[in-house]
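Here is how names work: the chains are called A, B, and so on, in the same order as the sequence lines, proteins then strands, and each is numbered from 1.
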Amino acid sequence: MENRKGAPRLAAKARLRWDALRQKSVLLYPEGVLILNPSAEAILSLCDGRRSVGEIVTELADRYGAEAVALEADVWNFLGELVERGLLHFPDAMEE
Amino acid sequence: MPPTRPTSSATAGVAGEQTKILDLGYPFSLLCEVTFRCPLQCPYCSNPLAFARSLRDELETKEWIRVLEEAAGLGVLQANFSGGEPLLRKDLPELIGAAHALGLYTNLSTGGTLLTSELAGKLKEAGLAGFQLSIQDSRPESAEWIAGMRGSFVKKAEAARVAREAGFALGINAVLHRQNLDRIEEIIALAEEWGAERLELANAQYNGWALENRRWLLPTRAQVEQASNVAAAAQARLKGKMDLLFVIPDYYATYPKACLHGWGRAFLTVSADGQALPCQAAREITSLSFPNVREKSLRDIWFDSEAFNRFRGVGWLPEPCRSCPRRDIDFGGCRCQAFLLTQDAGATDPACILSPHHHRIEEALAEAETRETVAWSYRNPIESKRLSEAEPRPTPPAVAKPKPTG
């Protein structure tokens, strides 16, 4: 998974939205709802099909004043899980 | 359904979060059974046995739109459109458009035989997000026999193609049972061939029609074991390509299903005639009376109706559930199954090995090991009237051998 290239984006069937009643970000898909914590929401909102994972990590590191290396594994884990559930794609992915 | 399996550290704490959010008490998901009409006659249909009584009593467009508005206000995030065959409703694109405009995630469960590329385009335009196509078997002759509709197989193949062409991520679901379980490998191959991103292989749940036809549907233990192995191998093989869900019949499980994550907790069904139900099978529970959206707001129904409160939480649980460490996992199992098999909706689900009524399940399983031919009924208005007017319901069912029509 961590070798994936390209810019991740949400699958066509997945929708990210703010739930005003519960005051949470949620990711909706045919079989369910994933309630996101703020860090998950921050990662997903950057998965726009243009930014690479490296750029996403850098942007998050800047935003939260953290070390990129400290975030990287977390971000990959999270993205990997969403890929596995079919909720996230790497459109130009080339596996090494 | 709200899943609770995030494990990565970016979502760490989300599992606990999901539970907390669930317990805020707002529903997540609304099932809109927009019609009971259907060109198919699947003998395990989840519609009520007595659906024929309500065929002419469907909610109108403006009533559904009001239901959707009330649902969105009540915290619902997903609207699932099902039936019967939802494509029979001319206003379906309008209803989906209304749900979409309210910010709801929309999902369609269809038999597909009525889908045209024009309609698929309209649904896409209306904002439909999820598309689920039902199949009955891997081979045309057997699939059409189970569905009770000649020519349905090729129409479904076309629907799969048309749906993907319109830009939907195709989900396929196949109800598994004694008559098709041995072809699970072919069913998986068919879903791959038709381009499904997800395949749900759920064994029939023996309520309503499926209970009536249980002897025809309930597989043998050997069938279930073989199918589980095939499904597990396919899951590994298709990882990242097609998401495959396999649900064994709860008759063969040790403990009951955590039905709906709890009664009146996350799910809400409104059926064709406006009845509001905690679960689509719940109207089989004749000891409860269910409210109708024509008479009450969804908010009143969800928070204040007796039917929705009756089995909410764990306070009502009987023994052996009350002192069971699993009570917060399965909430005593399925209320509909408890009622249908014990005549007490407040009993422990007999599917649980700890239930004092578990012998009812064991008897059915023993029967499943015998090879005698049994009669069964298609789901259609004539059978609906016959079965629902017969009081008390005859068991085992004694019916004429059905012939496919259509």
Side-chain angles (χ1 to χ4, degrees), chain A residues 1-2 4 10-47 53 56-57 60 64 66 70-90 93 95, chain B residues 1-22 24-29 72-80 100 103-109 124 127-132 167-171 173 197-198 200 239-245 261 266:
Chain A
M1 180 66 208
E2 293 187 33
R4 291 228 183 179
L10 280 179
K13 64 179 175 181
R15 308 249 159 105
L16 183 64
R17 69 164 261 209
W18 174 252
D19 178 358
L21 185 78
R22 299 177 182 86
Q23 291 289 300
K24 296 281 171 191
S25 274
V26 290
L27 185 65
L28 303 170
Y29 55 100
E31 306 80 43
V33 177
L34 200 58
I35 296 153
L36 304 173
N37 64 18
S39 53
E41 199 267 333
I43 298 168
L44 275 189
S45 61
L46 294 173
C47 294
V53 177
I56 292 171
V57 170
L60 289 170
Y64 297 105
L71 288 178
E72 201 169 348
D74 266 11
V75 171
W76 275 116
N77 281 341
F78 177 55
L79 297 183
E81 196 177 315
L82 292 179
V83 167
E84 204 169 292
R85 293 181 188 205
L87 299 176
L88 190 82
H89 296 310
F90 282 77
E95 295 191 41
Chain B
M1 62 205 76
T4 47
R5 49 165 203 181
T7 52
S8 88
S9 45
T11 47
V14 177
E17 194 90 339
Q18 301 266 137
T19 313
K20 241 182 359 203
I21 297 284
L22 265 175
L24 282 177
Y26 304 107
F28 276 82
S29 188
L74 198 54
V76 163
L77 298 172
Q78 282 188 318
N80 298 302
H100 181 64
L104 301 176
Y105 186 96
T106 54
N107 204 22
L108 175 69
S109 300
K124 185 75 186 171
L128 181 64
F131 188 99
Q132 267 221 344
F168 293 113
L170 179 65
N173 64 286
E197 285 193 15
R198 180 178 159 92
E200 275 189 36
K239 201 166 180 171
K241 197 174 153 217
M242 185 170 83
D243 192 15
L244 197 156
L245 179 81
H261 300 262

Which atoms of L74(B) are under 4.5 Å from chain A, going by heavy atoms: the side chain, the backbone, both sets, or neither? backbone
Leading residue by heavy atom contact count with chain A [cutoff under 4.5 Å; candidates K239(B), E200(B), R198(B)]: R198(B)
Name the region of A169(B), side chain, backbone, both or neither, that has any atom closer than 4.5 Å to a heavy atom of chain A. side chain
What is the minimum heavy-atom distance between C47(A) and L79(A), and which atoms define it? SG-CD2, 3.8 Å
Out of L87(A), V33(A), I35(A), L88(A), which one pairs with L27(A) under the side chain to side chain contact (heavy atoms under 4.5 Å, CB included) rule? L87(A)
Any heavy-atom pair between the side chains of F131(B) and K124(B) that's under 4.5 Å? no
Side chain, backbone, both or neither: which part of L108(B) has a non-hydrogen atom closer than 4.5 Å to chain A? neither
Could you tell me whether the side chain of I43(A) reaches within less than 4.5 Å of the side chain of L36(A), counting heavy atoms only? no
Less than 4.5 Å to any heavy atom of chain A: does that hold for the side chain of Q132(B), its backbone, both, or neither? neither
Minimal heavy-atom distance between A79(B) and L104(B), with the atoms involved, is CB-CD1, 4.0 Å
